S.K.: 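Take a look at the following structure, please.
Note that the structure is a prediction, hence the values are computed from the model and not measured.
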Amino acid sequence: MRIARFSIDGNVAFGAVEGDAAVPDGLVLDIIKGIPFADFELSGTKVPLDKVRLLPPVLPNKVVAIGRNYAAHAAELGNEVPSAPWAFFKPSTSVIGPGDPIVYPSFSQEVHHEAELAVVIGRMCREVPRERVKDVILGYTCANDVTARDTQRAEKQWARAKGFDSSCPLGPWIETGIDLETASDLAITATVNGELRQAGRTAQMTHSIEDLIVNITEAMTLLPGDVLLTGTPAGVGPMVPGDEVAVTIEGIGTLTNKVVARG
């Protein structure tokens with residue numbers, strides 16, 4: 001099931017995405033009674049997808065991101081691959097949805113795209129054993145770990161470089177029909193103005209999804225709706241105001257955002 005969060009006529013709801021995208025007006029939302037982190041039902045009330053505004057598929061309490069989890073990406077920036085997962089946080093205020101603008105920060109002259117697979121947590125969990133990792137995942141979505149690269153180089157902490165407002169686009173929806181084995185080998189790409197910039201597979205991760213969730217939950221409790229960013233393949237590069245960046249992940253969909261200058 002593909003679960004989207006959307007607004008229509010001032011109301012916010014979750015819905016199951018149904019239909020065929022190849023057919024004009026082919027996608028509709030069956031509004032969910034309840035929330036996707038507990039038992040829910042489909043209402044049978046359907047709304048055309050093109051009549052709503054898609055929102056970030058979740059509003060996470062926290063976004064836990066992993067740095068340098070693809071060896072080729074680490075190498076392209078002259079960095080070594082960490083021997084253990086290297087985690088950092090992006091605040092909830094960094095999260096935006098599909099179609100929302102990435103606002104170029106005033107303190108940076110070099111903002112990069114980073115296409116990533118995002119894992120959406122489905123239940124509260126702590127100290128998750130490897131064999132139970134699949135049970136705490138609700139599904140997967142696309143993410144762009146937007147980074148002020150010059151600020152990242154200049155500052156030892158990455159809070160400003162990766163945590164500024166609009167630096168965490170998520171969407172377009174949560175795909176719950178992908179199992180952990182499949183998620184571990186998906187094609188992931190990023191384009192800027194239609195030009196291919198990044199192309200890799202999640203199988204290239206140094207530390208697997210299981211590794212990451214085991215490692216993170218040794219230290220902290222993850223809550224329903226929390227998001228894990230799993231790292232980016234090689235090919236990161238600059239974006240400037242006016243650019244349109246699209247992150248596509250096999251079996252999930254495409255997340256598209258435009259870069260705008262701060263007003």
S.K.: Which residues pass the salt bridge (Lys or Arg N to Asp or Glu O under 4.0 Å) test with Arg262, sequence neighbours left out?
M.R.: none
S.K.: With sequence neighbours excluded, tell me which residues meet side-chain hydrogen bond (donor to acceptor under 3.5 Å, both in side chains) with Arg123.
M.R.: none
S.K.: Run the salt bridge (charged side-chain N to carboxylate O under 4.0 Å, His left out) test on Asp135 and Arg132 for me, step by step, so that the C-alpha distance in whole Å, both residues' side-chain angles and the decisive distance to 0.1 Å come before the verdict.
M.R.: CA-CA 5 Å; Asp135 300 328; Arg132 295 294 304 277; 2.6 Å; yes
S.K.: For Thr248, give me all partners under side-chain contact (heavy atoms from CB on, under 4.5 Å), at least two apart in sequence or on another chain.
M.R.: Thr189, Thr254
S.K.: Please determine whether salt bridge (charged side-chain N to carboxylate O under 4.0 Å, His left out) holds for the pair Arg149 and Glu110, giving the CA-CA distance in whole Å, both sets of side-chain angles, and the decisive distance to 0.1 Å.
M.R.: CA-CA 6 Å; Arg149 192 70 69 200; Glu110 187 185 357; 5.6 Å; no
S.K.: Begin with the C-alpha distance, continue with both residues' side-chain angles, and end with the deciding distance and a verdict on salt bridge (charged side-chain N to carboxylate O under 4.0 Å, His left out) for Glu175 and Arg2.
M.R.: CA-CA 5 Å; Glu175 175 56 74; Arg2 287 178 168 175; 2.9 Å; yes
S.K.: Could you walk me through whether Leu54 and Leu49 pass the side chain to side chain contact (heavy atoms under 4.5 Å, CB included) check?
M.R.: CA-CA 8 Å; Leu54 287 179; Leu49 188 68; 3.9 Å; yes
S.K.: Output every pair passing ring-ring contact (aromatic ring centres under 6.0 Å, His included) with a member in residues 29-57, not counting sequence neighbours, ordered by first then second residue.
M.R.: none
S.K.: Who clusters with Met124? Use side-chain heavy atoms, under 4.5 angstrom, across I, L, V, M, F, W and Y, and order the result by chain and number.
M.R.: Leu223
S.K.: With Arg126, which residues qualify under side-chain hydrogen bond (donor to acceptor under 3.5 Å, both in side chains), at least two apart?
M.R.: none
S.K.: Residues in side-chain hydrogen bond (donor to acceptor under 3.5 Å, both in side chains) with Asp145, at least two apart?
M.R.: Lys90, Lys162
S.K.: With sequence neighbours left out, what residues match Tyr104 under ring-ring contact (aromatic ring centres under 6.0 Å, His included)?
M.R.: none
S.K.: Using the test salt bridge (Lys or Arg N to Asp or Glu O under 4.0 Å), find all partners of Asp165 that sit at least two apart in sequence or belong to another chain.
M.R.: none
S.K.: Mind checking what makes salt bridge (Lys or Arg N to Asp or Glu O under 4.0 Å) contact with Asp185, not counting sequence neighbours?
M.R.: Arg201
S.K.: Just jot down the salt bridge (Lys or Arg N to Asp or Glu O under 4.0 Å) partners of Lys46, sequence neighbours excluded, or say none.
M.R.: Glu18
S.K.: Please list all pairs meeting ring-ring contact (aromatic ring centres under 6.0 Å, His included) that have one or both residues in residues 111-149, counting only residues at least two apart or in different chains.
M.R.: none
